[in-house]
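First the structure, in the form of structure tokens, and then the observations on it.
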There are 2 protein chains.
Amino acid sequence: MSGGVEWALHCCVVLTSVDGPVPATRLAELHDVSASYLAKQLQALSRAGLVSSAQGKAGGYALTREPSAITVLDVVEAVDGPAPAFTCTEIRQRGPLATPAESCTVPCAITRAMTTADAAWRAALRSVSIADLARDVGADYGPGALRRISGWLTGAEG
Amino acid sequence: MSGGVEWALHCCVVLTSVDGPVPATRLAELHDVSASYLAKQLQALSRAGLVSSAQGKAGGYALTREPSAITVLDVVEAVDGPAPAFTCTEIRQRGPLATPAESCTVPCAITRAMTTADAAWRAALRSVSIADLARDVGADYGPGALRRISGWLTGAEG
DNA sequence: GAGGGGGTACTCGGATAAATAGTGTCCGAGTCAGTGTGG
DNA sequence: CCACACTGACTCGGACACTATTTATCCGAGTACCCCCTC
């Protein structure tokens, strides 16, 4: 999985604590990561409609929906793409004992097993929302943690 | 996920139908894939102890256990490695508002969500055995399918 | 003092290179089967 | 006829190139704010 997923999720969580848009540069220095590369991830989120982008002097990125309406799966699919990890190359239709194409009306057993596992993975990610993550952050580090981040994002210099 | 996982699984399924060892070359031409690269996957299975390798004239690969005792997860971890897809880089400990290390006794919320999803994925793959796959192949293409493959693997020329 | 126009600085967005993991290939080390020879 | 040693060919195993994906970077297009000028 792309490492940018982690960055994107952290950005979504901190964006729950602010109202206005936050520039990519600010998000990058908060997390001490490459601004240029983080921009790419945020663009992916924007293309997926999870965040809105605003240009100009007071521009930046902001969540488009309630944090409870954005799932972790949404972010993962936006950044990594919606394609499943396993792709069947139809080996059964190759070689000297190839299964004829007309017998291949359903996916092969291996593909079915992989698809089932992939569905379980996605279901687990779909059951967790950004709001859940933000709540857990508060539970882990105290209610003031996100508030401090919010203040730094909107106001502080350096 | 590495595409070699699919090849390895197909090999394991067909190996359930034969008694003696089968050379990698024979498995490769059955599936019409690169023999050299398939060898790499089979070596991984051998390192993991799922198959035994025998050298010499009548050598090859054979399953070491009952097909019902080998799970799809075993094969996936043997070929792709046991590492989870998501790796936390501890972003929370970086940047101007870094969380102090002594407060990071448990994984962060994002990592917990990813770990849970990964566990669900692995549980699904663990619940399917190679024997299950072989049985499904019989159900899909008729009981004679695996028998024909077995005969070709052990006897036929070209 | 209020409204409008222009400048400016800041933002995103996509196009462009380096690094890394995955894919594919090759040749050498090791080993078993078969064969020929000697007893 | 049996046992042994040898030959030979076939097997795996790891080391070596090539390609695709991921990672990282840069510069141009666009836009909202702010200042200044005019009325």
Side-chain angles (χ1 to χ4, degrees), chain A residues 1-8 11 15 18 20-29 31-64 76 78-81 83-87 89 91 153-154 157, chain B residues 1-8 11 15 18 20-29 31-64 76 78-81 83-87 89 91 153-154 157:
Chain A
M1 176 183 320
S2 165
V5 170
E6 184 183 9
W7 299 7
C11 286
L15 281 178
V18 296
V22 179
T25 306
R26 185 57 65 101
L27 288 169
E29 55 182 336
H31 295 115
D32 188 24
V33 298
S34 160
S36 307
Y37 190 40
L38 179 61
K40 183 182 286 292
Q41 320 302 337
L42 293 169
Q43 285 167 30
L45 295 181
S46 176
R47 269 193 295 270
L50 300 179
V51 302
S52 65
S53 66
Q55 280 188 338
K57 192 155 192 172
Y61 291 98
L63 297 178
T64 56
V76 170
V79 174
D80 253 24
F86 178 87
T87 56
T89 60
I91 282 182
L153 279 178
T154 54
E157 325 287 327
Chain B
M1 175 182 324
S2 164
V5 170
E6 185 183 7
W7 300 7
C11 286
L15 281 178
V18 296
V22 179
T25 308
R26 184 58 64 98
L27 289 168
E29 56 182 337
H31 295 117
D32 189 23
V33 296
S34 160
S36 305
Y37 190 39
L38 179 61
K40 185 184 285 291
Q41 320 302 338
L42 292 170
Q43 284 167 31
L45 295 181
S46 176
R47 269 193 294 270
L50 300 178
V51 302
S52 64
S53 65
Q55 279 188 338
K57 193 154 193 173
Y61 291 97
L63 298 177
T64 56
V76 170
V79 173
D80 252 24
F86 178 87
T87 55
T89 61
I91 283 182
L153 280 178
T154 54
E157 325 288 327

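Labels below follow one simple rule: chain letters A, B, ... track the order of the sequence lines, proteins then strands, and each chain is numbered from 1. Small disclaimer: the values here were computed from a predicted structure and weren't measured.
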Just list the side-chain donor-acceptor pairs under 3.5 Å for residues 32-51 of chain A, sequence neighbours left out, or say none.
from: A:S34; atom 1: OG; to: A:Y37; atom 2: N; distance (Å): 3.2
from: A:Y37; atom 1: OH; to: A:Q41; atom 2: NE2; distance (Å): 3.4

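Atoms NZ (A:K57) and P (D:dC35) sit 8 Å apart, rounded to a whole Å. The distance between atom CE of B:M1 and atom P of C:dT23, rounded to the nearest whole Å, is 11 Å. Remark: P of D:dG14 and OH of B:Y37 are 16 Å apart, rounded to the nearest angstrom.
In this structure, B:P21 and B:A58 approach most closely via the heavy-atom pair CG-O, 3.5 Å. Between B:V79 and B:A8, the shortest heavy-atom contact is CG2-CB, 3.8 Å. Nearest heavy atoms, B:M1 versus B:D80: CG-OD2, 3.1 Å.
The side chain of A:Q55 sits closest to C:dC12 out of D:dC12, C:dG24, C:dC12.
Within residues 38-54 of chain B, the residues that have a heavy atom under 4.0 Å from DNA chain C are, in order of number, B:K40.
Using a 4.0 Å heavy-atom distance criterion, B:S34 is classed as a sugar-phosphate-only contact.
Here the CH2-OG1 distance, from A:W7 to B:T89, works out to 8.0 Å after rounding to the nearest 0.5 Å.
In terms of position on DNA chain D, the residue among A:A58 and A:S2 whose nearest nucleotide sits closer to the 5' end is A:S2.
When the side-chain contact (heavy atoms from CB on, under 4.5 Å) test is applied to B:T25, no partner is found at least two apart in sequence or on another chain.
For D:dG13, the OP1/OP2 oxygens have a side-chain nitrogen or oxygen of B:Y61 closer than 4.0 Å.
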